Participant: 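Have a look at the structure that comes next, please.
The analysis underlying the following values was restricted to heavy atoms, covering all of them including side chains, and did not include hydrogens, waters or symmetry mates. Just so we're clear, the structure is a prediction, and the values are computed from it rather than from any experiment. Index from 1, following the sequence.
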Amino acid sequence: MDATYPTCLDTADDATACAFLWTGLALGILHVDASKEWAYARIDARDAPAIEIIEMATACWRTSRQPI
């Protein structure tokens, strides 16, 4: 049986979920592709997505670990 359980990102409001993801990205413990995948899924699921979600989906990341 394949059950799907809600996570904190499913039940949090958009601003809180985005803050959580931004923190993971800043700390280097979350991959950019994972945050973009989450953001694009939320954009597809909403009629009017929050600006925080749009920013997460379209952000261009530069860190010290990536060449500029």
Side-chain angles (χ1 to χ4, degrees):
M1 180 179 195
D2 187 24
T4 302
Y5 300 98
T7 67
C8 63
L9 291 178
D10 296 323
T11 58
D13 64 50
D14 292 337
T16 301
C18 286
F20 175 78
L21 292 169
W22 281 112
T23 302
L25 291 167
L27 293 173
I29 59 174
L30 180 65
H31 195 272
V32 173
D33 293 339
S35 66
K36 288 184 180 284
E37 181 180 327
W38 175 86
Y40 281 116
R42 293 303 175 267
I43 289 170
D44 288 342
R46 288 170 171 65
D47 292 331
I51 189 66
E52 293 93 349
I53 295 175
I54 295 169
E55 289 175 352
M56 181 70 64
T58 60
C60 178
W61 300 99
R62 290 189 300 161
T63 66
S64 59
R65 291 178 283 227
Q66 297 175 343
I68 294 176

Participant: Check Ala57 against Lys36 and note the closest heavy-atom contact, atom names and distance.
Facilitator: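 Looking at all heavy atoms of both residues, the closest pair is O-NZ, 3.0 Å.
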
Participant: Nearest 0.5 Å, please: how far is CZ in Arg42 from CD1 in Ile54?
Facilitator: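 Spacing of CD1 (Ile54) from CZ (Arg42) equals 14.5 Å.
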
Participant: State the CE-OH distance between Met56 and Tyr40, to the nearest 0.5 angstrom.
Facilitator: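 These two atoms lie 12.0 Å from each other.
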
Participant: Is the closest side-chain heavy-atom distance between Trp38 and Ile53 below 4.5 Å?
Facilitator: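 Trp38 vs Ile53: side chains touch.
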
Participant: Going by the rule side-chain contact (heavy atoms from CB on, under 4.5 Å), which residues pair with Ala15 if we only count those two or more places apart in sequence or in a different chain?
Facilitator: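 Once residues adjacent in sequence are excluded, the partners of Ala15 under the side-chain contact (heavy atoms from CB on, under 4.5 Å) criterion are Asp13, Glu52.
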
Participant: With the side chain counted from C-beta on, respond yes when Leu25 and His31 share a heavy-atom pair under 4.5 Å apart, and no when they do not.
Facilitator: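 Not touching, per the 4.5 Å side-chain cut-off.
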
Participant: Hey, does Phe20 have a side-chain heavy atom less than 4.5 Å from the side chain of Thr23?
Facilitator: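 Sidechains of Phe20 and Thr23: no contact.
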
